[in-house]
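Read through the structure below, which is laid out as structure tokens, and then see the notes.
For the single chain, residues carry numbers from 1 onward in sequence order. For ligands, and for the atoms within them, numbers begin at 1 and follow the listed sequence.
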Amino acid sequence: DFSQLEKNVRSLSLKAEGKSILAMVKADAYGHGSIPITHFLFNELKINDFGVATLGEGIDLRKNLSLLGAQIFVFSDLEFESCFKQFIEWNLIPVISDLDSLKIYFSHNIQRYLPLVLKFNTGMNRLGFNPSMVDEVIRLCKNYNQREIFHVMSHLSDSYMQDSSQVKKQQEVFGEIISSLKTACTIRHTSIGNSAYIEQEMFQDESYVRPGLALYGGDPV
Ligand SMILES: *Cc1c(COP(=O)(O)O)cnc(C)c1O
């Protein structure tokens, strides 16, 4: 139901006060069909940024849609050592969340083709650099003369709850990570919020939000 999808996007945009939307279309757009959903979001609603879970999902979008100018972020299962060439070939941006992948990014000179996007673990404990790894990340950036981090991300564990103390804790850790990174690099974008975070308007000064569930009509709270 594209008209309902449009209403959902409008309502999220209104809440998110001018922050950009990175639409999560992973898992076949939560079962709604990632090809038609992404086509509509890009062409009709002018959303430019999309998130998928796997390289295969990203290639599927690039093969089936003309998404000229769109940015597609791949969040997990990078298999970066064996697949980095495909990321370049298909213009898919890896969300790097471990040191091995970051080293591959630098040692194969992927910085020439794809912007650097990093994800930190602030308490979700699923994916991401731990806060204690910030210094090592900075050291690598300096070594390889990386002056800009295009987007720094984190993901929330408990944003669906009305008790916002865990979200606040994660926001605080995220803020500290960003301050540290800024001593070495320019940071263009940041994002932490999923659907429940947007619904509950817990915003700080991040430039993007990343809704999934609420795009498709689920109540995330
Ligand atoms: C799935 C996902 C989202 C969206 O989460 P919802 O709760 O469905 O809004 C945001 N960010 C990341 C990293 C995700 O994996």
For this session: Could you tell me the separation between the CG atom of Leu156 and the CE atom of Met161, rounded to the nearest 0.5 Å?
Result: 11.5 Å
Problem set entry | Rounded distance (nearest 0.5 Å) linking atom CD1 of Ile178 with atom CD of Glu206 | 8.5 Å
Seminar exercise, completed: The option among Met24, Arg126, Lys26, Met124 carrying the non-hydrogen atom nearest to atom 1 (C) of ligand 1 is Lys26
Exercise. Do Tyr113 and Phe87 have ring centroids that are under 6.0 Å from one another?
Worked result: no
Counting non-hydrogen protein atoms only, what is the nearest one to [atom]? Give residue, atom name and distance.
| atom | result |
| --- | --- |
| atom 8 (O) of ligand 1 | Tyr30 OH, 2.6 Å |
| atom 12 (C) of ligand 1 | His155 CE1, 3.4 Å |
| atom 10 (C) of ligand 1 | Arg210 O, 3.3 Å |
| atom 9 (O) of ligand 1 | Ser195 OG, 2.5 Å |
| atom 7 (O) of ligand 1 | Asn194 ND2, 3.4 Å |

Exercise. Does some non-hydrogen atom of Tyr160 fall short of 4.0 Å from ligand 1?
Worked result: no
Angle class for the [X]/[Y] ring planes (parallel below 30°, perpendicular above 60°, tilted otherwise)?
| X | Y | value |
| --- | --- | --- |
| Tyr208 | His189 | perpendicular |
| Phe120 | Phe129 | tilted |
| Phe150 | Phe73 | parallel |

Nitrogen or oxygen of [X] less than 3.5 angstrom from that of ligand 1:
| X | answer |
| --- | --- |
| Lys119 | no |
| Phe75 | no |
| Ala196 | no |

Exercise. Is the closest basic N to carboxylate O distance between Arg10 and Glu6 below 4.0 Å?
Worked result: yes
Exercise. Does a side-chain N-to-carboxylate-O contact under 4.0 Å join Lys169 and Glu172?
Worked result: no
For this session: Would you mind listing which atoms of ligand 1 come within a distance below 4.0 Å of any non-hydrogen atom of Leu213?
Result: 6 (P), 8 (O), 9 (O)
